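Everything numeric in this text was worked out from a predicted model, so none of it was measured.
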Amino acid sequence: MEQLKRMALFATVVDKGSMVAAGEALGMSASAVSQQISKLEHSTQVSLLHRTTRKLTLTEAGASFYQSCAQILA
């Protein structure tokens, strides 16, 4: 169940374009969102996002994983 919640959170981050915006939409801090994404990456053993101080972009694996998440959540 936790994995499904993290997948939904990941999809929200991608849809909103940032962890801050996703956190605001979900009533969470950006730090809590980041921690959950890190746990998701650890459990899948795949880097899903490229993080910089100014930009958040999907890795190739992240883009594929996002499509899977969107289908599962739909």
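Contact of the Leu58 side chain with the His50 side chain is not registered, since no non-hydrogen atoms from C-beta on lie closer than 4.5 Å. For the pair Thr57 and Leu49, the minimum side-chain heavy-atom distance is 4.5 Å or more. Counting heavy atoms from C-beta outward, Arg6 and Ile37 have side chains that stay 4.5 Å or more apart. Contact annotation: the side chain of Leu4 approaches that of Ile72 to within less than 4.5 Å [non-hydrogen atoms, C-beta and beyond]. Between Tyr66 and Val13, the closest side-chain pair of non-hydrogen atoms is not below 4.5 Å. Side-chain contact between Val46 and Phe65 is absent, with no heavy-atom pair separated by less than 4.5 Å. With a 4.5 Å cut-off on side-chain heavy atoms, Lys39 and Glu2 do not count as touching.
Distance check: Met19 CE to Leu26 CG gives 12.5 Å after rounding to the nearest 0.5 Å. One finds the CD atom of Gln35 at 8.5 Å from the CE atom of Met28 (value rounded to the nearest 0.5 Å).
Val20 and Leu40 are members of different hydrophobic clusters when ILVMFWY side chains are connected at heavy-atom separations under 4.5 Å.
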Could you please spell out the steps behind the side-chain contact (heavy atoms from CB on, under 4.5 Å) verdict for Ser38 and Arg51?
CA-CA 11 Å; Ser38 292; Arg51 298 168 179 88; 4.2 Å; yes
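Across all non-hydrogen atoms, the minimal contact from Ala11 to Leu73 is CB-CD1, 3.9 Å. Here the shortest heavy-atom pairing between Lys16 and Ala25 reads CE-CB, 3.8 Å. Taking each heavy atom of Ala61 and Ser47 in turn, the nearest pair found is CB-O, 4.2 Å. Between Cys69 and Phe10 the shortest heavy-atom distance is SG-CD2, 4.0 Å.
Ser34 contributes no side-chain N or O that, together with a main-chain N or O of Ala30, makes up a donor-acceptor pair within less than 3.5 Å.
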